[in-house]
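Below is one structure, written out as structure tokens; comments come after it.
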Protein chains: 2
Amino acid sequence: MRIGELAARGGTTARAVRYYESLGLLPGRRSGNGYRTYDEDDLRLLRQIRTLQDFGFGLEETRPFVECLRAGHPEGDSCPASLAVYRRKLGELDALIGELTAVRAQVADQLARAERARDELAAEAGVPGGPEPECELGGRAT
Amino acid sequence: MRIGELAARGGTTARAVRYYESLGLLPGRRSGNGYRTYDEDDLRLLRQIRTLQDFGFGLEETRPFVECLRAGHPEGDSCPASLAVYRRKLGELDALIGELTAVRAQVADQLARAERARDELAAEAGVPGGPEPECELGGRAT
DNA sequence: CGTTGCCTTGACGCCGACGTCAAGGCATAC
DNA sequence: GTATGCCTTGACGTCGGCGTCAAGGCAACG
């Protein structure tokens, strides 16, 4: 098949396929007229790349999987190097999730504190006159 | 103070400060010799930016906080627009953490499955002869 | 024969938040 | 005087993963 069909069946674009080829992830075989030509095995390579991409892997991280498939193994993760990438990624994900969770808590704290401060000011000013905590410049042009 | 001191006290670089100025986040007052000059209020602006940056906020997301401070409010989050950014960020963080957690589970599954497959192959081949699941091309050049 | 559609290479654009280098001005220390 | 160190503007580089446009070739359909 040609690049358009490969891309469509792999759920991506011809441009991306050429890019993967430029990185050495996909082969660049040509048929007589100069068009790139692919077979079902190439489609498996592409699908392996896309799956890992969807997981948030960088393209370089997909290389061990692709080379594993190219070496004739049944799955991209049949090789130790691929398993190592999985494990490293798990660690990175855990670290990232941990950081994000901590940030989330801090932001929630800030929000709660700011809302409390706002309400206190509102109550304080609400007893005498009108509150309306305007902030954006030029509330209503008088 | 001048830009170098401001940057140092704000925990960033002069280059970053100029960049923030180019976005209109920081003022660009000059003293007689053309040097940028800053006061303690500017330092507070910068620190507000840095704090939010550390939370993973984009620079545009810090703008409401900065404008709030510039409008004379005691805190950057004393304004409704800032609270809105907090809330939006909380939603984004929750969504992101959820996605990452799902991905983490999938990767863990893949790893477990691949290790199982490897062990089964090892047991299968281990009974007759030698296992050694080589993958990288050219294991030992014979 | 022309049109349409897929293909080719090459090259620049994009996003965000700066880093880094170049060439030069100002100010202080020695 | 000059060496040092901070400052100025301007402009290009970085990272990742492509998008998009330009200019042209090949193939099939009518």
Side-chain angles (χ1 to χ4, degrees), chain A residues 1-39 42-43 45-66 85 88-89 92 96 100 103, chain B residues 1-39 42-43 45-66 85 88-89 92 96 100 103:
Chain A
M1 81 194 88
R2 291 176 305 179
I3 196 171
E5 185 182 346
L6 178 80
R9 293 181 61 190
T12 183
T13 65
R15 179 71 182 88
V17 169
R18 291 194 198 98
Y19 182 57
Y20 301 156
E21 178 188 326
S22 79
L23 296 181
L25 292 173
L26 291 181
R29 292 188 307 276
R30 307 303 178 104
S31 56
N33 55 11
Y35 288 8
R36 289 172 178 82
T37 185
Y38 303 94
D39 57 22
D42 298 327
L43 179 58
L45 294 182
L46 179 57
R47 285 184 169 154
Q48 175 73 77
I49 294 172
R50 295 305 304 174
T51 299
L52 295 176
Q53 281 271 91
D54 289 346
F55 282 167
F57 286 51
L59 286 176
E60 282 308 321
E61 293 179 315
T62 72
R63 194 178 295 277
F65 296 80
V66 170
V85 173
R88 192 161 49 76
K89 207 67 188 179
E92 290 175 13
L96 185 54
L100 289 177
V103 165
Chain B
M1 82 193 90
R2 292 175 304 179
I3 195 171
E5 185 182 346
L6 178 79
R9 292 181 62 191
T12 182
T13 66
R15 179 70 181 90
V17 169
R18 291 194 198 96
Y19 181 57
Y20 300 156
E21 179 189 325
S22 78
L23 296 181
L25 292 172
L26 291 180
R29 291 187 307 275
R30 307 305 178 103
S31 56
N33 54 12
Y35 288 8
R36 289 171 179 83
T37 185
Y38 303 94
D39 58 23
D42 297 329
L43 180 56
L45 294 182
L46 179 56
R47 284 184 170 153
Q48 174 73 77
I49 294 171
R50 294 305 303 173
T51 299
L52 295 176
Q53 281 271 92
D54 290 345
F55 283 168
F57 286 52
L59 286 176
E60 282 308 321
E61 292 178 316
T62 72
R63 195 179 294 276
F65 296 80
V66 170
V85 173
R88 190 160 50 76
K89 208 66 187 179
E92 291 176 12
L96 185 53
L100 289 176
V103 165

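Note that the coordinates shown come from a computational prediction; the quantities given were computed from them, not determined experimentally. Convention: sequence-line order gives letters A, B, ...; per-chain numbering from 1. All values below were derived from every heavy atom in this structure, side-chain atoms included, with hydrogens, water molecules and symmetry-related copies excluded.
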Requested in this report: Test A:Arg63 against A:Glu60 for salt bridge (Lys or Arg N to Asp or Glu O under 4.0 Å), laying out the working first.
Outcome: CA-CA 5 Å; A:Arg63 194 178 295 277; A:Glu60 282 308 321; 2.8 Å; yes
Query raised in the report: If you look at every strand shown and take non-hydrogen atoms under 4.0 Å, does B:Arg36 touch a base, only sugar-phosphate, or nothing?
Result: sugar-phosphate
Query raised in the report: With sugar-phosphate meaning primed atoms plus P, OP1 and OP2, does A:Arg18 contact a base, only sugar-phosphate, or nothing at under 4.0 Å between heavy atoms?
Result: base
Query raised in the report: Given side chains that start at C-beta, do those of A:Arg36 and A:Arg30 come closer than 4.5 Å, heavy atoms only?
Result: yes
Query raised in the report: Taking atom CG of B:Leu25 and atom CD1 of B:Ile49, what is their separation to the nearest 0.5 Å?
Result: 4.5 Å
Query raised in the report: Does a side-chain N-to-carboxylate-O contact under 4.0 Å join A:Glu21 and A:Arg18?
Result: no
Report task. Examine distances only and state if a side-chain atom of B:Asp54 and a backbone atom of B:Thr51 form a donor-acceptor pair shorter than 3.5 Å. Result -> no
Query raised in the report: How would you give the extent of chain A contacts on DNA chain D, as first and last nucleotide 5' to 3' within a 4.0 Å heavy-atom cut-off?
Result: D:dG17 to D:dA27
Requested in this report: Using heavy atoms to find the nearest nucleotide of DNA chain C for A:Gly4 and B:Thr13 separately, return the residue whose nucleotide is more 5′.
Outcome: A:Gly4
Could you list, one pair per line, each protein nitrogen or oxygen that sits under 3.5 Å from a nitrogen or oxygen of nucleotides 12-17 of chain C, together with the distance?
| from | atom 1 | to | atom 2 | distance (Å) |
| --- | --- | --- | --- | --- |
| C:dA17 | OP1 | B:Leu59 | N | 3.2 |

Query raised in the report: Given side chains that start at C-beta, do those of A:Arg29 and A:Asp42 come closer than 4.5 Å, heavy atoms only?
Result: yes
Query raised in the report: What bend angle does the helix from C:dC1-D:dG30 to C:dC30-D:dG1 show across its length, from five-pair end axes and to the nearest 10 degrees?
Result: 30°
Report task. Starting at CG of B:Leu6, measure out to CG of B:Leu26 and round the result to the nearest 0.5 Å. Result -> 7.0 Å
Report task. Mind checking the CG-CD spacing from B:Leu46 to B:Gln53? Nearest 0.5 Å is all I need. Result -> 10.0 Å
Query - Distance, rounded to the nearest Å, where B:Arg30 contributes CZ and C:dC26 contributes P - result: 14 Å
Requested in this report: Identify, between B:Ala14 and A:Thr12, the residue whose nearest nucleotide on DNA chain D lies closer to the 5' end.
Outcome: B:Ala14
Query raised in the report: Would you call B:Glu92 and B:Lys89 a salt bridge, taking side-chain N to carboxylate O under 4.0 Å as the test?
Result: yes
Report task. Taking the side chain as every heavy atom from C-beta outward, state whether B:Thr12 and B:Val17 have any atom pair closer than 4.5 Å. Result -> yes
Query raised in the report: Would a 4.5 Å heavy-atom cut-off, applied to side chains only, mark B:Val66 and B:Tyr20 as touching?
Result: no
